[in-house]
Engineer: 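The structure under discussion is supplied below as structure tokens; questions concerning it will follow.
Predicted model only: the values in this text are computed from it and were never measured. Computed over heavy atoms, backbone and side chain alike; hydrogens, waters and symmetry mates excluded.
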Amino acid sequence: MSLERHVLVIFPHPDDETFSSAATLAKYVDSGVPVTYACLTLGQMGRNLGNPPFATRESLAKIREKELEDAMDVIGITDLRKMGLRDKTVEFEPKEEIDAMVQQLIDDVNPSLVISFYPGHAVHPDHEATAEAVVRTIGRMEASQRPKVQLVAFSHDAYDVLGEPDVVNDIRDYKERKIRAFEAHRSQSEPVLKQLDEASTEGTRGFFEYETYWTYNFE
């Protein structure tokens, strides 16, 4: 990992940052690099309401907001931007408006690195819309002014289409911190943590050892 001036993270949902990047972001924070997380929604339409349920559809937004804040405390991020969009509607936002939001974030923090999803390989419509806005906006910038872009790809064909990741961060020393960040997102993460616990050691080892990213070619 290089020493960055400022890292800007743009994801649509609380817990996207933890599933993909909790340890990487914690390492940046511990190295003294400022990290800003722009979370576009509060995950109001999240599939899980706890197991057993402890949230309702009406209360979930407040619960997930608190979970997000707790995860930020674990990771060490102090600059959390709640952007106020509604879950499962990011894909319907006017492109010029969401692009302007991304550009304003870049103007505000002047990042040397932006982390988000990789368009076409982010699975969820909100993920894809966020990825496309990030790439569109940064792609319009002068090449000399663009921050580096490292993108998370979740699709099953990511390796086939994109090849091996360009960035592989060793997070073994941060495994427990990543688990604690997961646990903070209790309403959504409990089923995932249970699955990981029940899965084979071989099948889960990589998840807690490495976080991977692909760079984006704007040419």
Engineer: Give, for atom CZ of Phe218 and atom CZ of Arg146, the distance between the pair rounded to the nearest 0.5 Å.
Structural biologist: 6.0 Å
Engineer: Please check if the distance between the ring centroids of Phe11 and Phe19 is under 6.0 Å.
Structural biologist: no
Engineer: For the atom pair CG (Leu40) and CE (Met83), what is the distance rounded to the nearest 0.5 Å?
Structural biologist: 7.0 Å
Engineer: Can you tell me how far OH of Tyr174 sits from CD1 of Ile179, rounded to the nearest 0.5 angstrom?
Structural biologist: 15.0 Å
Engineer: How close do Pro119 and Leu151 get, counting heavy atoms only, and between which atoms?
Structural biologist: CD-CD1, 4.0 Å
Engineer: Do Lys82 and Glu69 have side-chain heavy atoms sitting under 4.5 Å apart?
Structural biologist: yes
Engineer: Counting only heavy atoms not in Lys66 (residues, nucleotides, ligands), do more than 12 fall under 6.0 Å from its NZ?
Structural biologist: no
Engineer: Looking only at side chains, do Gln103 and Asp107 share a donor and an acceptor under 3.5 Å apart?
Structural biologist: yes
Engineer: Can you tell me how far apart CG (Asp16) and CD1 (Ile10) are? Round to the nearest 0.5 Å.
Structural biologist: 12.5 Å
Engineer: Show the nearest heavy-atom pair for residues Arg5 and Pro111, with the distance to one decimal.
Structural biologist: NH2-O, 3.2 Å
Engineer: Give me the ring orientation class for His127 and His13: parallel if the planes are under 30° apart, tilted from 30 to 60°, perpendicular past 60°.
Structural biologist: tilted
Engineer: How are the rings of Trp214 and Tyr159 set to each other: parallel, tilted or perpendicular (split at 30° and 60°)?
Structural biologist: perpendicular
Engineer: Mind checking whether Leu105 and Val114 have side chains closer than 4.5 Å, heavy atoms only?
Structural biologist: no
Engineer: Start with the C-alpha distance between Met101 and Leu85, add both sets of side-chain angles, then the distance that settles side-chain contact (heavy atoms from CB on, under 4.5 Å), and finish with yes or no.
Structural biologist: CA-CA 11 Å; Met101 177 187 294; Leu85 301 185; 4.0 Å; yes
Engineer: In plain terms, say whether Lys62 and Glu65 are close enough for a salt bridge, that is, a side-chain N and a carboxylate O under 4.0 Å apart.
Structural biologist: yes
Engineer: Just by distance, with hydrogens left out, do Ser155 and Tyr118 show a side-chain donor and acceptor under 3.5 Å apart?
Structural biologist: no
Engineer: Between Glu67 (side chain only) and Ser187 (backbone N and O only), is there a donor and an acceptor less than 3.5 Å apart?
Structural biologist: yes
Engineer: When hydrophobic residues are tied together by side-chain contacts of less than 4.5 Å, even through go-betweens, does Ile98 share a cluster with Phe92?
Structural biologist: no
Engineer: Do Val29 and Ile171 sit in one hydrophobic cluster, given that two such residues count as connected whenever their side-chain heavy atoms are within less than 4.5 Å of each other, even indirectly?
Structural biologist: no
Engineer: Working note: Glu93 + Thr89, criterion side-chain contact (heavy atoms from CB on, under 4.5 Å); need CA distance, chi angles, decisive distance, verdict.
Structural biologist: CA-CA 7 Å; Glu93 290 290 326; Thr89 70; 4.3 Å; yes
Engineer: Return the minimal non-hydrogen interatomic distance between Glu91 and Pro125, and the atom names on each side.
Structural biologist: OE2-CB, 3.3 Å
Engineer: State, with a plain yes or no, whether a side-chain heavy atom of Glu17 is found less than 4.5 Å away from one of Ile77.
Structural biologist: no
Engineer: Is Val74 reachable from Leu25 through a run of I, L, V, M, F, W or Y residues, each pair having side-chain heavy atoms under 4.5 Å apart?
Structural biologist: no
Engineer: Report the residue from Ser116, Ser21, Pro165 that forms a side-chain contact (heavy atoms from CB on, under 4.5 Å) with Tyr213.
Structural biologist: Ser21
Engineer: Is it true that Asp108 and Arg81 make a salt bridge, defined as a side-chain N closer than 4.0 Å to a carboxylate O?
Structural biologist: yes
Engineer: Determine the minimum heavy-atom distance between Leu113 and Pro147, stating which atoms define it.
Structural biologist: N-CB, 4.1 Å
Engineer: Evaluate the side-chain contact (heavy atoms from CB on, under 4.5 Å) criterion for residues Asp30 and Arg177: first the C-alpha distance (whole Å), next the side-chain angles of each, then the deciding distance (0.1 Å), finally the verdict.
Structural biologist: CA-CA 12 Å; Asp30 289 357; Arg177 189 117 152 237; 2.9 Å; yes
Engineer: For residues Asp170 and Lys27, report the shortest heavy-atom separation together with the two atoms involved.
Structural biologist: O-NZ, 2.7 Å
Engineer: Please report the interatomic distance CD(Gln150) to CD1(Ile115), rounded to the nearest 0.5 Å.
Structural biologist: 5.5 Å
Engineer: Taking Thr137's backbone N and O only, do any of them form a donor-acceptor pair with Asp99's side chain (distance below 3.5 Å, no angle check)?
Structural biologist: no
Engineer: When rounded to the nearest 0.5 angstrom, what is the spacing between CD in Glu132 and NZ in Lys95?
Structural biologist: 6.5 Å
Engineer: What's the shortest heavy-atom distance between Cys39 and Pro14, and which atoms?
Structural biologist: SG-N, 3.4 Å
Engineer: I'd like to know if Asp166 pairs up with Lys148 as an ion pair, taking the criterion as any Lys NZ or Arg NE/NH1/NH2 lying under 4.0 Å from an Asp or Glu carboxylate oxygen.
Structural biologist: no
